[in-house]
Amino acid sequence: MKLTVLAALLAALVATPVAAAPALTPVPAQMTDGEGTFALTPKTRIYVPAGDADARNAAVYLRKQLKTTRNLTIEIVTGEPAPGEAAIRFVRSPAAGHAEAYRLDVAPGSVTISAGAREGLFYGAVTLWQLATQDATNGAANLPAVAIADTPRFQWRGLMLDSVRHFQSPQQIKKIIDAMAIHKLNVLQWHLTDDQGWRLEIKAYPKLIQKTAFRQPAGAAGWTRDGKPLWYGGYYTQDQVRDIVAYAAARNITVVPEIDVPGHATAIITAYPEFGAEGTKPKQGMSDWGVYPNLLNVEDRTFAFLDTVFNEVMDLFPSPYIHVGGDEAIKPQWQASPAIQAKIRELGLKDEHELQSWFIQRVGKTLSARGRRLIGWDEILEGGIAPDATVMSWRGVDGAVTAARSGHDTVLSPAPMLYFDHRQSSFSDEPPGRGVPTTLRTVYDFNPALEAMTPPERKHVLGLQANLWTEHIRTDERVEIMAFPRLLAVAEVGWSPAASHDWTDFTRRLPAGLNRLRATGMRYNTVPFEPHMTLSPAADGKITVALKNGLDLGEIRVDGAVYGVPVTVADGTILTVQTFLNGTPLGRERRLAVTRAALETRDSYQLEICEGKLNLALEDDGATNGERAVMLMDILKPCWIWRGADTSKGLKLTAKVANYPFNFQLGNRPAPIVFDTPQTRDGELLVRVGGCTGEPVARLPLAKAAKSTGVTVLTAAVPAVAGTNDLCFTFAQGAPPPEWALQEVRLTPVTE
Ligand code: ACM
């Protein structure tokens with residue numbers, strides 16, 4: 001009896017939901033729940049103080065957000081609400097603390113946003129809009145009574161967008177700015193120049209865009225059907241840049257331009273060869289990724305060029321920081337150049353690293369002459385760092401530690417944790433990108449309070465930034481889904497107090513965050529949330545299905561029932577699966593076909609990569625605009641393993657292969673890629689049993705595949721070898737390009 005009562009009590013406790021705190025991301029520094037709600041209706045008015053342009057900016061933003069995401073139209077009025085009128089008020093309070101700090105008080109009869117500065121007023125509006133968009137409904141909303149006192153943990157909460165490797169339209173840049181603003185991200189580092197192109201109109205040097213803003217994509221994708229070169233790209237006019245910078249500023253986002261020197265500078269040298277190190281003759285339209293050897297020279301006329309360019313850049317971008325790149329400037333050209341070597345001696349420098357340091361410091365003088373600050377990738381530490389320079393730490397966090405220790409400010413953007421060109425889960429329906437996943441959780445759990453720093457050193461950490469390099473991200477949709485939802489995690493780590501770090505609570509607020517992305521038209525990656533299957537054979541020709549989502553979140557439902565343990569079903573069964581978190585769907589509903597073919601097939605993601613020196617999920621270059629096969633491979637050692645195949649009776653092998661144009665410059669990786677020697681002109685796919693060396697058991701010629709720009713199916717017999725064995729797949733080929741890749745393998749038992 002007693003036990004039953006206790007059980008009933010417990011059940012009642014579990015069933016009565018504790019009113020959850022509002023789903024706000026980033027979570028505010030302080031939040032106290034109140035009693036009741038404020039009814040936000042079309043009749044609610046927003047009051048702004050007379051003559052307060054900042055409050056009006058915030059109010060206009062709030063009104064626009066409510067209109068576009070809830071279809072709620074409310075009026076802005078100058079002055080004070082009438083006594084007893086339930087209204088929203090913006091109040092300018094004496095500056096208290098940080099410029100971005102604000103208070104938001106929601107009570108049944110009033111909503112007050114108060115802040116000392118433009119930034120805080122804006123963020124008060126953002127939080128109020130988030131309070132009004134915790135669900136996906138339209139029209140009036142009941143805002144929970146709450147008292148929020150909010151201030152950011154870090155002043156730099158950034159995203160770097162690479163608009164060189166693939167170009168995004170000005171409209172698309174604004175869309176990204178909008179989505180940053182609703183999460184209180186405040187820095188957009190804009191990567192505008194690189195080896196593959198120069199995207200910024202410079203009036204004094206028109207050839208920069210004329211010669212490099214368009215390039216021919218590598219391989220078959222670079223040609224039209226009738227064999228004409230296909231040029232791809234674009235650039236930003238100065239008017240467009242001013243418009244984007246102003247648009248960002250109205251949303252409290254500083255656009256930090258990056259002009260990358262002295263390496264990643266092939267576009268400059270293509271347009272103006274006189275600025276390149278001796279003997280550098282790049283061809284027009286670079287379509288290779290990676291690290292090129294091309295460096296600028298150090299002649300006075302090159303610095304005159306840079307001085308003019310950076311001055312035009314500073315005219316366009318009011319940002320206090322100007323990014324000068326400095327990364328991956330490998331030095332063989334400087335080592336080989338008599339003029340450069342003479343300059344090193346003349347300056348009394350030790351080596352090329354000190355010369356690079358001298359180079360960066362010289363550029364820094366152009367910036368400091370106009371009161372701007374130099375920021376660069378962590379290579380600017382090598383050979384001596386410029387005074388007052390800020391270090392963006394990307395090769396892990398060591399650069400940040402060194403910078404802080406020597407009294408320099410730093411921004412944390414370490415690979416791979418904050419590198420958004422990495423895929424977000426291990427599933428094959430992820431878009432292309434770097435192979436090792438950087439999951440939403442990896443990003444959320446990145447701890448900017450670095451162990452290796454003392455508390456005073458940590459004061460030099462301005463904040464953190466995600467870097468979205470776009471070599472493998474050729475469409476706007478992919479830019480969006482690589483950025484989101486991971487930027488929500490950057491926003492929270494950058495804004496919210498360390499003490500509020502809580503993955504479970506972050507994910508509780510995720511459905512509301514995803515609703516907001518949908519409401520604003522921002523696409524996001526759903527793949528890591530969605531159930532994926534692993535199949536194994538069961539008795540009587542049936543198949544056992546194990547389901548998992550990439551983040552182990554919530555519950556998976558299979559045909560409406562909660563999934564617990566693997567299920568065994570008949571060949572040909574279709575399962576309808578979806579992940580739910582606290583009753584809300586996360587990701588798409590998917591229909592999974594459980595078939596013998598699927599059981600016998602592993603794609604490149606499900607095979608094991610032999611070494612993993614540089615894993616990339618790469619696209620075949622087949623269709624110029626349409627769908628293309630994506631293959632996971634180690635580009636430095638293409639080699640895949642099927643673990644544990646039953647080879648005892650022999651197998652029929654069906655392999656799908658494709659090649660890609662191997663558009664990589666590997667200046668920083670001098671060792672050549674080693675392939676087996678081909679026995680035919682186009683090479684062969686090699687299959688080995690039990691290891692990756694020794695005599696292959698099958699050698700599948702690639703002649704047919706070499707004629708195709710897409711995926712080709714090859715077949716062979718794998719002879720019987722006793723027991724269960726690993727199968728290893730490699731290619732015998734000449735030096736790339738192209739490089740061959742395995743998309744998928746099917747092993748079918750040989751039936752007697
Ligand atoms: C970088 O990823 N090269 C900064």
Side-chain angles (χ1 to χ4, degrees), residues 156 158-166 187-199 256-268 286 288-296 321-331 353 356 359-360 363 374-383 385 389-403 408 410-423 432-436 438 442-443 446 462-473 479 482-483 486 490 614-616 635 663-669:
W156 188 300
L159 167 69
M160 186 225 64
L161 179 63
D162 170 6
S163 293
V164 178
R165 274 53 174 269
H166 287 96
V187 178
L188 175 63
Q189 180 182 327
W190 201 4
H191 188 77
L192 288 164
T193 75
D194 212 302
D195 297 306
Q196 297 79 7
W198 181 284
R199 303 260 175 244
V256 176
E258 181 189 353
I259 305 294
D260 206 344
V261 292
H264 284 290
T266 305
I268 301 175
M286 295 287 132
D288 285 1
W289 316 133
V291 176
Y292 287 72
N294 304 326
L295 295 197
L296 297 180
Y321 291 91
I322 305 288
H323 203 298
V324 301
D327 57 322
E328 298 180 315
I330 55 165
K331 305 294 189 294
H353 293 296
Q356 168 153 341
F359 185 111
I360 296 287
V363 172
L374 181 151
I375 183 165
W377 301 111
D378 56 47
E379 287 91 335
I380 66 167
L381 286 160
E382 293 163 10
I385 182 174
T390 300
V391 173
M392 190 165 266
S393 189
W394 74 276
R395 294 174 299 178
V397 293
D398 293 352
V401 176
T402 307
H408 288 263
T410 182
V411 174
L412 307 175
S413 63
M417 295 85 92
L418 297 181
Y419 263 49
F420 282 10
D421 52 348
H422 283 252
R423 299 180 308 137
R434 288 185 178 268
V436 176
T438 287
T442 315
V443 180
F446 171 67
L462 300 182
L464 70 158
Q465 176 172 294
N467 293 334
L468 186 40
W469 301 104
T470 57
E471 286 93 334
H472 312 297
I473 305 171
V479 168
M482 295 305 262
R486 289 185 291 197
V490 173
L614 180 49
N615 287 357
L616 295 172
I635 66 159
N663 52 328
F664 288 93
Q665 296 273 325
L666 298 172
N668 55 341
R669 292 174 186 268

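In this text, all values refer to a predicted model and were calculated from it rather than measured experimentally. Each ligand, and each atom within it, is numbered from 1 in the order the structure gives.
Near Trp469, meaning under 4.0 Å from any of its heavy atoms, are these atoms of ligand 1: 1 (C), 2 (O), 4 (C). Each of the following atoms of ligand 1 lies closer than 4.0 Å to a heavy atom of Glu328: 3 (N).
Trp156 and Tyr321 have perpendicular rings, their planes meeting at more than 60° on a 0 to 90° scale where under 30° would count as parallel.
Annotation for Met417 and Val443: closest pair O-CG2, 3.6 Å, computed over non-hydrogen atoms.
For the pair Trp394 and ligand 1, the shortest N or O to N or O distance does not fall below 3.5 Å. Looking at His264 next to ligand 1, no N or O pair under 3.5 Å apart turns up. On a distance-only criterion, Tyr419 and ligand 1 share at least one N/O pair closer than 3.5 Å.
Applying the side-chain hydrogen bond (donor to acceptor under 3.5 Å, both in side chains) test between Trp394 and each of Glu379, Glu328, Gln465 identifies Glu379 as the sole match.
The backbone N or O of Glu258 sits nowhere less than 3.5 Å from a side-chain atom of His191 that would complete a donor-acceptor pair.
Nearest to atom 3 (N) of ligand 1 among the protein's heavy atoms is Asp327 OD2, 2.7 Å.
Side-chain contact between Ile268 and Thr193 is absent, with no heavy-atom pair separated by less than 4.5 Å.
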